[in-house]
Amino acid sequence: MDWTRTTSVIRRSVPSPAQRRTTLAAVLAGALAVGILVGASNARGETAQGPAPAECPAELAGRADCYTGRDANGAYYAVAIPDDWNKSLVVHAHGGPDLGAESDPARSIDDLGRWSVMVKEGYAWVGSSYRRGGYGTRMAAADTESARRLFVEEFGKPRRTYVHGQSWGGNVAAKVVETYGGQHGAYDGALLTNGVLGGGSRGYDYRVDLRVVYQYYCGNHPRPTEPQYPLWQGLRAGSTMTSAGLRARLQECTGYASPAAERTALQQRNLDDILAVTHIPERTLESHLRFATFTFRDIVHERLGDRNPFGNEGVRYSGSHDDEALNAGVERFAPDPTAVRDLSYDSDLTGKVSIPVLTLHAIDDPTAFVEHEAAYRATLQGARRDGHLVQTFTNEHEHSELSDAEYATSIAALDTWVRKDEKPTQRSVAAACGAFDEKYGTGCLYDPEFRPAPYASRVEPRPGGLRWPAMTAAQERTWSGIEGVGIAP
């Protein structure tokens with residue numbers, strides 16, 4: 001199927017704000033009914049028409065016109081065009097991955113609300129919810145590019161186009177840059193925020209470590225009385241465990257959700273050892289274990305045909321109250337080389353970058369550790385493309401949402417770099433933030449002197465794991481000729 005096609009009627013020019021507002025007002029009364037009809041249509045396996053006018057998130061009420069639709073592959077998308085459109089477009093890649101079977105129509109709308117600052121700054125915005133849940137970086141990149149093409153077909157070609165990705169969406173957007181962002185390609189620049197930029201074959205090793213270290217101390221995932229399976233699966237294929245059930249087991253073993261004074265001595269020691277060995281913050285322990293359970297199950301069982309892409313042979317775990325016992329008793333396994341190849345082809349980055357890329361990362365990001373930025377710089381350095389990269393860092397403690405003033409500063413710095421060929425620096429970006437903070441009042445927390453430590457300082461490297469890129473451009477070309485390589489859409 002050609003994912004670039006759309007069933008919508010094509011309009012080659014953008015209506016004026018007044019015309020768009022009149023049209024939007026006429027259809028909002030029926031928006032709920034339309035949503036019900038779309039849901040019924042999708043349940044019958046039909047592809048919805050679009051884009052159709054839709055109610056904007058509250059953050060953009062009265063400031064933009066919004067549209068929603070569904071592309072030919074079933075991916076929902078959302079569009080926003082501000083009344084004061086500067087004729088540039090931000091194409092958004094969302095994080096996750098979500099694990100639902102189908103495309104989630106709410107996801108792109110939710111992200112539009114979260115990053116409404118882009119639209120407030122005058123940029124049109126389009127984001128895809130991707131055609132399905134589950135892992136698939138190249139699939140998500142293709143759906144992101146499809147959303148861009150749909151925008152161009154419907155509303156006209158923007159003067160400049162920027163791709164933005166957050167979290168796993170940073171990996172997706174970086175893949176968009178390498179796949180569709182050549183020197184004369186569709187994209188002029190990229191903004192990657194709190195991105196998972198180590199790629200899939202190495203970027204989840206600390207969650208592999210968490211999965212085995214947790215089981216060594218807790219022994220309840222699975223319990224001895226339950227069907228056993230290798231821990232690299234995350235969870236056995238037929239398990240009915242829920243997130244609530246996983247939280248209950250984590251609480252049973254560590255008391256993580258209780259005040260320290262209410263934990264037993266064993267719970268506290270288990271918690272201390274798990275955190276010390278894996279370097280995972282206590283506040284995100286549950287979310288990382290959830291990923292190492294349910295997302296690993298998706299990767300292994302649904303995407304890689306029950307092959308193992310993960311390994312921990314040769315890893316020396318340290319920081320516990322008894323490292324010798326831990327290393328003697330923790331489960332060990334080696335990956336299937338074809339599974340590693342397919343995960344790497346799908347999600348690893350070659351560094352083949354030809355357009356300006358600006359990154360923004362919280363130094364204390366508890367989910368996508370800031371050392372991912374060191375991996376990305378090493379990747380571009382290995383490809384001799386690091387001249388296209390500027391990285392900025394802030395003294396924030398969040399993963400999913402940073403300061404609006406910083407987002408506005410970042411997109412403005414990227415736009416100036418593209419339009420005027422004025423490459424920013426960490427210091428110049430930090431200095432520019434104050435003007436935007438006068439408008440948004442969300443703070444400017446840049447640290448222009450910060451440099452992240454190497455990725456291997458946070459995550460114990462596997463054999464060959466000190467060399468970047470994790471997948472070279474030559475490997476990518478070779479693997480692309482193998483039938484069925486990667487992860488199917």
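Quick note: residue numbers are just sequence positions, from 1. The shown structure was predicted, so the numbers you read here are calculated from the model rather than taken from an experiment.
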Legend entry - Distance in Å, Y446 OH paired with T409 OG1, rounded so as to fall on 0.5 Å steps: 4.5 Å

Inset, instruction - Keeping the roles fixed (side chain from Q251, backbone from A257), state whether a donor-acceptor pair exists under 3.5 Å. - result: yes

Legend entry - Atom CD of E324 with >12 non-hydrogen neighbours under 6.0 angstrom: no

Inset, instruction - Would you mind checking if E252 and R223 are paired as a salt bridge, meaning a charged N to carboxylate O distance below 4.0 Å? - result: yes

Inset, instruction - Check R385 against K352 and note the closest heavy-atom contact, atom names and distance. - result: NH1-C, 3.7 Å

Legend entry - Sub-6.0 Å ring centroid separation between F151 and Y77: no

Inset, instruction - Measure from the side-chain N and O atoms of S344 to the backbone N and O of R341, and report whether any donor-acceptor pair falls under 3.5 Å. - result: no

Legend entry - Short side-chain donor-acceptor distance under 3.5 Å, D346 and T137: yes

Inset, instruction - Taking atom CD of Q426 as the centre, report whether more than 12 heavy atoms of other residues, nucleotides or ligands fall under 6.0 Å from it. - result: yes

Inset, instruction - Provide the closest heavy-atom pair for L349 versus L197 in the form atom of the first, atom of the second, distance. - result: CD1-O, 4.0 Å

Inset, instruction - Any chance you could measure E396, atom CD, to E406, atom CD, to the nearest 0.5 Å? - result: 4.0 Å

Inset, instruction - Any chance you could lay out the side-chain hydrogen bond (donor to acceptor under 3.5 Å, both in side chains) test for H92 and D111, step after step, and finish with the verdict? - result: CA-CA 8 Å; H92 175 74; D111 275 16; 2.7 Å; yes

Legend entry - Q166 side chain vs H399 backbone, donor-acceptor pair below 3.5 Å: yes

Inset, instruction - Looking only at non-hydrogen atoms, find the nearest pair between R467 and R202 and report the distance. - result: O-NH1, 2.5 Å

Legend entry - For L246 against T293, the heavy-atom pair lying closest together: CD2-OG1, 3.8 Å

Legend entry - Sub-4.5 Å side-chain heavy-atom contact between L285 and L271: yes

Legend entry - Short side-chain donor-acceptor distance under 3.5 Å, N220 and Y214: yes

Legend entry - Member of Y204, Y135, W168 meeting the ring pair (Phe, Tyr, Trp, His ring centres under 6.0 Å) criterion with F291: Y204

Inset, instruction - Could you tell me the separation between the CZ atom of F294 and the CG atom of L289, rounded to the nearest 0.5 Å? - result: 8.5 Å

Inset, instruction - Can you establish whether the number of heavy atoms outside E398 located under 6.0 Å from its atom CD is more than 12? - result: no

Inset, instruction - Report the distance from atom OG of S410 to atom CG of D415, rounding to the nearest 0.5 Å. - result: 12.5 Å

Inset, instruction - Go through the side-chain N and O atoms of R307 and T338 and say whether any donor and acceptor fall under 3.5 Å apart. - result: yes

Legend entry - Between S354 and H388: side-chain donor-acceptor atoms closer than 3.5 Å: no

Legend entry - Cation-pi geometry met for R458 and Y206 (6.0 Å, 45°): no

Inset, instruction - Kindly write out the residues that satisfy salt bridge (Lys or Arg N to Asp or Glu O under 4.0 Å) with D98, not counting sequence neighbours, or none if the list is empty. - result: R107

Legend entry - Full working for side-chain hydrogen bond (donor to acceptor under 3.5 Å, both in side chains) between D404 and T442: CA-CA 6 Å; D404 276 358; T442 54; 5.6 Å; no

Legend entry - Reported CD1-to-NE2 distance for the pair I274 and H288, which is rounded to 0.5 angstrom: 13.5 Å

Legend entry - Heavy-atom donor-acceptor pair, T284 side chain to P366 backbone, under 3.5 Å: yes

Legend entry - Backbone of T472 reached by a side-chain donor or acceptor of Q475 within 3.5 Å: yes

Inset, instruction - Give the C-alpha distance, both sets of side-chain angles, the deciding distance and a yes or no for side-chain hydrogen bond (donor to acceptor under 3.5 Å, both in side chains) between D209 and T278. - result: CA-CA 7 Å; D209 296 338; T278 63; over 6 Å; no

Inset, instruction - Would you verify whether the NZ or CZ of R297 falls within 45 degrees of the ring axis of Y229 while also being under 6.0 Å from that six-membered ring's centre? - result: no

Legend entry - Residue pair R236 / H301: nearest heavy atoms and the distance that separates them: C-NE2, 3.9 Å

Inset, instruction - Apply ring pair (Phe, Tyr, Trp, His ring centres under 6.0 Å) to F393 and list each qualifying residue two or more places apart in sequence or on a separate chain. - result: F450

Legend entry - Residue pair H164, T193: steps toward the side-chain hydrogen bond (donor to acceptor under 3.5 Å, both in side chains) verdict: CA-CA 8 Å; H164 168 247; T193 57; 2.9 Å; yes

Legend entry - Donor-acceptor contact below 3.5 Å, side chain E178 vs main chain T350: yes

Inset, instruction - If a pair satisfies disulfide (SG to SG under 2.5 Å) and one of its residues is in residues 444-489, list it, with sequence neighbours excluded. - result: C433-C444

Inset, instruction - Look at the side chain of S129 and the backbone N and O of S108, then say whether any donor-acceptor pair between them is shorter than 3.5 Å. - result: yes

Inset, instruction - Sort out for me which residue in D323, N312, N327 forms a side chain to side chain donor-acceptor pair (under 3.5 Å) with Y317. - result: N312

Legend entry - D322 CG: over 12 foreign heavy atoms closer than 6.0 Å: yes

Inset, instruction - Of all the heavy-atom pairs spanning V340 and P335, show the shortest one and how long it is. - result: CG2-CB, 3.5 Å

Inset, instruction - Kindly state whether the ring of Y407 and the ring of Y440 have centres lying under 6.0 angstrom apart. - result: no

Legend entry - Pairing of R149 and E145 as salt bridge, 4.0 angstrom limit: yes

